[in-house]
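Throughout, residue positions are numbered sequentially from 1 according to the sequence presented.
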Amino acid sequence: MTVAESTGFDLGRLLTERGAERYELHARYLNHQLPRMLHTIGFDKVYERAEGAYFWDADGQDYLDMLAGFGVMGLGRHHPVVRKALHDVLDAGLADLTRFDCQPLPGLLAERLLAHAPHLDRVFFGNSGTEAVETALKFARYATRKPRVLYCPHAFHGLTTGALSVNGEDGFRDGFAPLLPDTAVPLGDLAALERELRRGDVAALVVEPIQGKGVLAAPPGYLRSAQELLHRHKALLIADEVQTGIGRTGDFFGYQHEDGVEPDLVCVAKALSGGYVPVGATLGKDWIFKRVYSSMDRVLVHSASFGSNAQAMAAGLATLAVMEQEDVVARARRTGDLLRERLAALVPRYELLHEVRGRGLMIGIEFGRPTSLKLRSRWTMLQAARKGLFAQLVVAPLLHRHRILTQVSGDHLEVIKLIPPLIIGEPEVDRFVVAFTDVMDDAHDGGGLLWEFGKTLVKQAVASR
């Protein structure tokens with residue numbers, strides 16, 4: 001008798017019988033606005049399976065994934081090495097999460113992570129990027145005995161209350177006050193940073209080396225100069241590498257693009273999971289950890305019930321092994337350079353296309369106001385209804401016409417962000433550039449389908465006010 005027969009539970013049968021109800025179930029029991037949004041923009045697809053950088057629907061059509069689960073799928077989906085590691089750890093039947101022993105896997109993963117950041121000494125494992133940021137905020141405030149944390153406009157560091165306090169988008173913060181003491185300082189503005197530090201109450205600056213919202217990189221030299229200012233005022237530099245870390249920008253960590261930058265705390269998550277088991281990690285200096293965990297009485301002053309669980313640790317170890325064995329970081333740099341160069345070459349060709357920027361396989365495509373009268377009137381119509389609609393006009397035909405999944409890089413931004421699996425190569429670059437060129441030709445020719453869809457979005461945007 002099988003386990004399924006003895007328990008009455010058969011996951012495969014359940015999915016077969018109820019899988020078609022996916023959107024209805026979500027609308028009834030979860031966030032009801034998500035299926036509504038997906039129906040509105042035509043993204044209510046049914047994907048049957050996935051592997052590497054591709055999805056397939058029930059008709060066997062493939063879709064190129066240029067979103068990677070918001071950066072989670074650094075190795076693509078279902079990498080065989082990570083799959084095997086998870087089978088192995090389940091089959092091992094480990095005495096996991098006893099809370100009163102020290103299992104080997106967390107120490108081994110911490111050792112492998114710290115090898116990529118030799119100036120750091122210790123790791124705290126949680127379950128997500130926002131938990132990693134929460135840990136860094138708590139540790140920075142306790143270690144410095146100062147209450148205030150600085151952040152940058154347009155930053156995204158998570159949505160739990162502490163991380164929300166350093167979120168640079170008002171739309172996420174509205175209605176959730178009061179939050180932690182915080183102040184926004186513009187990315188790259190050292191004078192503004194120094195003014196705040198002079199007040200003497202700043203614990204840290206938390207910053208993304210490249211902001212996910214808009215794909216905006218810290219200016220050259222900024223991180224190092226900010227670090228020097230912070231340390232002069234006995235404050236800490238927190239690098240949020242939740243999206244930029246683990247190879248995304250063509251270096252293992254995004255801050256490593258600039259010589260001499262050694263953050264006091266580094267937050268990672270997303271790609272460390274291998275695409276399977278949620279994991280977050282906060283890397284930090286020895287003195288910070290020792291100040292937080294200053295005695296045996298404080299041994300559990302910061303902990304996570306599922307932190308350091310065996311499945312997450314196995315997935316992380318397998319992910320780092322694949323990164324090294326398959327030279328994933330260097331591949332991401334080469335492929336990213338190729339994709340960015342080929343897209344940048346299109347800027348002079350299209351007046352709606354203003355800039356292509358980024359590093360590695362984190363690329364922003366920004367659109368802007370055209371010069372010709374016909375296109376300018378259409379652009380103005382969209383902007384009057386809701387800023388960011390043109391970028392959505394481009395995302396839609398990329399999916400429906402070319403079967404490529406992308407995203408708009410934040411609300412009210414005319415920017416598409418490309419964060420594909422780090423394993424893509426020249427064939428995927430070719431496919432995306434050909435598709436993007438076709439969509440831009442359509443937009444500049446006054447193509448009926450693209451602009452007709454724009455009218456639909458305008459009506460929906462107006463109706464939703």
Side-chain angles (χ1 to χ4, degrees), residues 9 11 13-50 55 57-58 63 65-73 77 127-131 133-134 156-165 167-177 179 212-213 242-243 269-270 273 275-276 278 280 306 382 385-400 403-413 415-417 419 453-465:
F9 178 73
L11 181 63
R13 186 176 66 196
L14 182 63
L15 289 173
T16 299
E17 293 175 351
R18 304 288 305 276
E21 302 173 44
R22 62 190 69 194
Y23 285 96
E24 291 82 359
L25 289 167
H26 207 112
R28 187 176 303 134
Y29 300 118
L30 302 170
N31 179 352
H32 63 288
Q33 295 292 1
L34 177 60
R36 181 186 178 198
M37 180 270 288
L38 294 172
H39 292 319
T40 297
I41 64 176
F43 273 44
D44 49 345
K45 298 287 185 181
V46 175
Y47 302 110
E48 294 289 336
R49 65 185 182 90
F55 309 111
D57 63 18
Y63 291 76
D65 179 18
M66 297 295 281
L67 178 58
F70 297 122
V72 168
M73 303 295 175
R77 283 169 169 79
N127 306 285
S128 65
T130 194
E131 273 192 57
V133 170
E134 293 281 355
F156 186 91
H157 299 293
L159 297 176
T160 49
T161 302
L164 189 62
S165 302
N167 194 310
E169 295 292 335
D170 288 341
F172 289 113
R173 296 164 63 98
D174 289 348
F176 295 105
L179 301 172
K213 300 294 181 183
V242 169
Q243 191 162 103
K270 291 190 182 290
S273 68
Y276 280 102
F306 292 100
L382 292 176
R386 197 173 198 274
K387 188 176 180 182
L389 284 186
F390 181 79
Q392 192 63 56
L393 286 192
V394 176
V395 164
L398 283 173
L399 180 67
H400 297 296
R403 303 194 310 278
I404 297 175
L405 180 63
T406 57
Q407 68 161 319
V408 174
S409 179
D411 204 15
H412 302 290
L413 293 177
V415 181
I416 293 174
K417 179 168 63 175
I419 46 171
F453 181 59
K455 292 178 182 177
T456 301
L457 287 184
V458 166
K459 291 177 182 176
Q460 292 166 343
V462 171
S464 66
R465 290 176 178 171

Is it true that atom CZ of Phe176 has more than 12 heavy atoms of other residues, nucleotides or ligands lying nearer than 6.0 Å?
-> no

What is the distance from atom NZ of Lys45 to atom CG of Leu405, rounded to the nearest 0.5 Å?
-> 10.5 Å

Short question: side chain of His26, backbone of Leu34 - any donor-acceptor pair under 3.5 Å?
-> no

Plane angle bin for His39 and Tyr23 - parallel if under 30°, tilted between 30 and 60°, otherwise perpendicular = tilted

Any side-chain heavy-atom pair of Leu164 and Phe172 under 4.5 Å = yes

CD1/Ile41 to CZ/Arg36 distance, rounded to the nearest 0.5 angstrom?
-> 13.0 Å

Salt bridge or not for Asp57 and Arg403, using N-O below 4.0 Å?
-> no

Roughly how far, to the nearest 0.5 Å, is CG of Leu67 from CD1 of Ile419?
-> 5.5 Å

Taking side-chain hydrogen bond (donor to acceptor under 3.5 Å, both in side chains) as the test, write out the residues that go with Glu48, two or more places apart.
-> none

Under the side-chain hydrogen bond (donor to acceptor under 3.5 Å, both in side chains) test, residues paired with Arg22 that sit two or more places apart | none

Side-chain (Ser165) to main-chain (Thr161) donor-acceptor, under 3.5 angstrom = yes

Drop me the distance from Tyr63's OH to Asp65's CG, to the nearest 0.5 angstrom.
-> 13.0 Å

Sub-4.5 Å side-chain heavy-atom contact between Phe390 and Leu382 = yes

Donor-acceptor pair, Gln243 side chain versus Lys270 backbone, under 3.5 Å?
-> no

Could you tell me whether the side chain of Leu179 reaches within less than 4.5 Å of the side chain of Asn167, counting heavy atoms only?
-> no

Are Phe156 and Val242 side-chain neighbours, meaning at least one heavy-atom pair lies under 4.5 Å?
-> no

Validation row: Lys213, His412 side chains within 4.5 angstrom (heavy atoms) | no

To the nearest 0.5 angstrom, please state how far the CG atom of Leu38 sits from the CD atom of Gln33.
-> 11.0 Å

Euclidean distance, Lys387 NZ relative to Leu389 CG, rounded to 0.5 Å | 12.0 Å

Quick one: are Arg13 and Thr16 in side-chain contact, heavy atoms under 4.5 Å?
-> no

Taking C-beta and beyond as the side chain, do Met66 and Ile416 meet within less than 4.5 Å on heavy atoms?
-> no

Any idea which heavy atoms bring Asn127 and Pro278 closest together, and the distance?
-> O-CB, 3.3 Å

May I ask you to test the Val395-Gln407 pair for a side-chain heavy-atom distance under 4.5 Å?
-> no

